[in-house]
Every structure is written in structure tokens, then in C-alpha cells.
2 protein chains.
Amino acid sequence: MNNPLNDDMPASQNDEAFLRDCLFFNANRLSRAVTKMAEEQFAQTGLSPMYGYLIRIVNGSPGITQKLLAEKLYITPSTLTRFIDKLETKNLVERKVQGKTVLVYPTEKGNALVPRIRDASKAFKAEYENLLGKAAADLLSAELVKTSALMEE
Amino acid sequence: MNNPLNDDMPASQNDEAFLRDCLFFNANRLSRAVTKMAEEQFAQTGLSPMYGYLIRIVNGSPGITQKLLAEKLYITPSTLTRFIDKLETKNLVERKVQGKTVLVYPTEKGNALVPRIRDASKAFKAEYENLLGKAAADLLSAELVKTSALMEE
DNA sequence: ATACCTAAGTTGTATGTACACCGAAATCAA
DNA sequence: TTGATTTCGGTGTACATACAACTTAGGTAT
């Protein structure tokens with residue numbers, strides 16, 4: 001049914017095959033679907049997934065530097081600055097300046113939230129493993145990591 | 001080396017396995033890597049990939065409604081409104097109101113840009129197919145679509 | 001020791017994206 | 001026909017995220 005040359009055809013005959021198999025759209029689409037699912041599970045914590053994971057890391061590595069934290073979360077340092085700012089105003093983490101680096105520590109309130117965050121992570125994971133199958137989910141995750149690593153040069 | 005119960009262990013012993021195999025991070029990471037690669041290839045068009053694809057669809061389906069366009073691009077109608085606003089101020093597309101729906105048409109200037117957009121799409125696709133292998137890239141795309149569809153209920 | 005260089009974090013600014021809500025048009029029900 | 005409901009698109013607002021430029025601190029070389 002589809003002409004394999006569609007991508008080269010005049011606009012008026014274009015059937016948009018270029019959209020269906022485009023990694024740009026498919027990767028973004030997955031990212032939104034996964035984020036939405038995670039957000040639903042994290043709603044019980046009052047935090048979005050990113051903040052939840054952030055607190056969990058800080059709880060597991062008190063005094064971690066912002067640089068390392070940013071790497072673990074795959075976000076840029078400037079983005080992390082904004083996140084830490086927000087969590088600090090909510091009294092969930094605190095900064096300790098040490099020369100030119102900043103160490104991030106959990107607060108009591110932050111630590112108290114960790115069990116609920118852990119529950120949310122687990123529920124999220126359970127939900128997608130149930131949907132995709134555990135083996136398929138693991139495989140997909142591995143594929144995503146492998147592909148990302150290749151693309152990041 | 002890794003304790004399989006890490007996710008259940010006290011925070012101080014947590015090795016962050018929960019990050020490495022978390023679909024939330026891996027999907028977002030891929031999305032950023034792919035988007036960055038696409039942006040580099042689309043730089044020659046002066047547009048970001050999303051706008052480029054948008055123009056290409058409008059060029060291929062002049063008079064498409066915003067609703068349909070949003071569906072094709074996997075973005076919400078409100079987001080599309082902003083995009084069309086921008087492209088209209090750049091004289092690359094134009095709206096024609098028809099009752100309560102809006103039909104989107106390419107302008108001359110927009111049409112003139114299409115060959116370059118098509119080149120950018122092709123270069124982008126060639127780049128990632130070269131990096132991942134064509135078969136693997138197709139397979140990955142298919143996996144992403146299948147997973148997204150499952151997660152969107 | 002002074003003068004560069006590098007590295008960590010912050011800030012200004014810009015972009016993509018969504019959601020909740022609104023108005024107008026269309027459709028359906030009485 | 002009139003009134004209620006749905007649908008389309010637009011707006012206000014909010015958030016995640018990035019990049020470039022800046023500041024300050026630490027390290028290095030002569």
C-alpha cells in the first residue's frame with residue numbers, strides 16, 4: 001500500500017510515513033507516556049518523580065555534591081540548582097557550602113518522606129512491569145540506555 | 001556485587017540501582033539525546049525539529065485542522081496553538097478560520113523551506129541509522145511505539 | 001608569589017510543554 | 001426552537017529544562 005519512496009514524493013502525495021518511524025517523535029512520545037505514569041504514582045508523595053528520586057539519592061548519599069547529583073539524574077547543573085532551590089524552600093534538603101562546591105544533605109522532613117517515595121517508585125515499577133512484562137521492561141530499559149549512550153557520543 | 005534487595009535496603013546502603021534500571025530516567029534520557037541530535041541536523045533549516053515536521057505536514061496536507069495536526073505531532077492542542085502562533089509571525093504558515101475549527105495552510109515561504117527540512121530529516125535519520133544500524137533503529141522505533149501505546153491506556 | 005587556567009554553582013533568559021479554564025460554534029434533545 | 005452538552009481553539013499560568021555568561025574558589029606554572 002505504501003510507496004517506499006514516500007519520503008521523496010511531492011508534498012501533495014506525502015502520507016507522513018516520515019512521522020510514524022521517526023525516532024524523534026517516538027522517543028518523545030515514550031518519554032511523555034512514562035513521565036505521566038510516574039507522576040500518577042508519585043502524586044501520593046506530593047512531589048514529581050524527579051524530585052522524589054532526587055531526595056532518595058540525597059537520603060542515600062548525604063553530602064553528595066551537586067555536580068555528582070546532576071550526573072546521576074541526567075540533568076544539567078543549572079537545572080539542578082533550580083530543583084535544589086525548590087526543595088530547600090520546602091525544607092526537604094539543605095545545602096552546605098564547602099569552598100567552591102556545595103554539599104547537599106537531607107533534612108529530617110526529607111528523610112521522613114523517603115518511605116513514601118520508595119513506595120511510589122515501587123508502585124510505578126510494578127505498574128509498568130505488569131503492563132509490559134518484567135523481562136520486556138528490563139530489555140527495553142537496557143535498549144534505551146545503550147542507545148542513549150551511543151547518541152551522547 | 002549487587003545485592004538484589006537494594007531497593008529495600010536502608011538508605012545508607014542504597015547503591016542507586018533504582019536509578020539505573022528506571023524507565024523514567026532511561027526514557028527521558030533517550031528523549032533528550034535524540035532531540036539534541038535532531039536539533040543539530042535541523043539547525044540548517046533555522047527551525048527546531050518539531051517546527052520542521054509541523055511545516056512538512058502542513059505542506060503535505062494543506063488545510064489540515066489544528067486538532068488533527070496536534071494528534072499527528074503527539075502534542076496537546078494548547079501547545080500547538082503556541083507553535084502555530086510562532087510560525088504565523090514568521091510567515092511560514094497561515095490560519096483560516098472555518099466556523100469553530102481552524103485550517104492551517106502553508107505560505108509560499110513555508111513551502112520554499114520544505115526541501116531543506118526534508119534534507120534535515122533525512123540527514124537525521126541517516127545519522128542515527130548509521131549509529132545504531134538500520135535494523136536496530138527500526139526495531140527500537142517499533143518498540144517505542146508499542147510501549148507508548150500500552151502506557152497511554 | 002603572581003598570574004593564568006579550570007571547575008562548581010548561580011542567574012538571566014529562552015523554549016517546550018501541559019493543565020485548567022474560557023468563549024464560541026456545533027450538535028443534540030425537549 | 002430553545003436549551004444543554006460537546007468540541008475546538010485560545011489564554012493565563014506554571015513547570016522542566018537548557019545555554020550562555022558570570023562569580024568565586026582551587027590548582028598550576030614560571
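Residue numbering restarts at 1 for every chain, and letters A, B, ... go by the order of the sequence lines. Owing to the predicted nature of the structure, the values given are computational and were not obtained by experimental measurement.
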Given [N], is OP1 or OP2 found less than 4.0 Å from the side-chain N or O atoms of [X]?
X	N	result
Ser48(B)	dG16(C)	yes
Gln66(A)	dT10(C)	yes
Arg82(A)	dA18(D)	no
Tyr51(B)	dT15(C)	no
Lys36(A)	dC19(C)	yes
Thr101(B)	dC8(D)	no
Arg95(B)	dG10(D)	yes

Query raised in the report: Relative to the 5' end of DNA chain C, which residue comes earlier, Phe24(A) or Leu80(A), by the nucleotide with the nearest heavy atom?
Result: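 Nearest-nucleotide comparison on DNA chain C picks Leu80(A).
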Query - Along DNA chain C (nearest heavy atom to each residue), the more 5'-positioned of Pro77(A) and Glu39(B) - result: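 By nearest-heavy-atom nucleotide position, the 5'-most residue is Pro77(A).
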So which nucleotide from [options] ends up closest to the side chain of [X]?
X	options	answer
Asp85(A)	dA18(D), dT15(C), dT11(C)	dT11(C)
Thr79(B)	dC15(D), dA8(C), dT17(C)	dT17(C)
Val102(A)	dC19(C), dT10(C), dA16(D)	dT10(C)

Query raised in the report: Do the charged groups of Lys36(A) and Glu40(A) touch, with an N to O distance under 4.0 Å?
Result: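 Judged by the 4.0 Å cut-off on N to carboxylate O distance, Lys36(A) and Glu40(A) do not form a salt bridge.
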Report task. In plain terms, say whether Arg32(B) and Glu152(A) are close enough for a salt bridge, that is, a side-chain N and a carboxylate O under 4.0 Å apart. Result ->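 Not counted as a salt bridge, because no side-chain N and carboxylate O are separated by less than 4.0 Å.
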Report task. If the plane angle is over 60° it's perpendicular, under 30° parallel, otherwise tilted; pick one for Tyr51(A) and Phe83(A). Result ->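 Judged by the thresholds at 30° and 60°, the geometry between Tyr51(A) and Phe83(A) is tilted.
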Report task. Indicate the ring-plane relationship of Phe42(A) and Phe124(A), choosing parallel, tilted or perpendicular according to the 30° and 60° boundaries. Result ->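 Perpendicular.
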Report task. State whether the distance check finds a donor on one side and an acceptor on the other, under 3.5 Å, for side chain Lys100(A) versus base dT24(D). Result ->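 Donor-acceptor pair under 3.5 Å: no.
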Query raised in the report: What about Ser78(A), does its side chain sit under 3.5 Å from the base of dC19(D) through a donor-acceptor pair?
Result: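 Flag set: donor-acceptor pair detected.
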Query raised in the report: Base, sugar-phosphate alone, or nothing: which one does Thr81(B) contact when heavy atoms must sit under 4.0 Å apart?
Result: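 Base contact - Thr81(B) has a heavy atom under 4.0 Å of at least one base atom.
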**Report entry** Pairwise side-chain contact, Ile117(A) with Asn59(A), heavy-atom cut-off 4.5 Å (strictly under)
**Finding:**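 Contact flag for Ile117(A)/Asn59(A) side chains = no.
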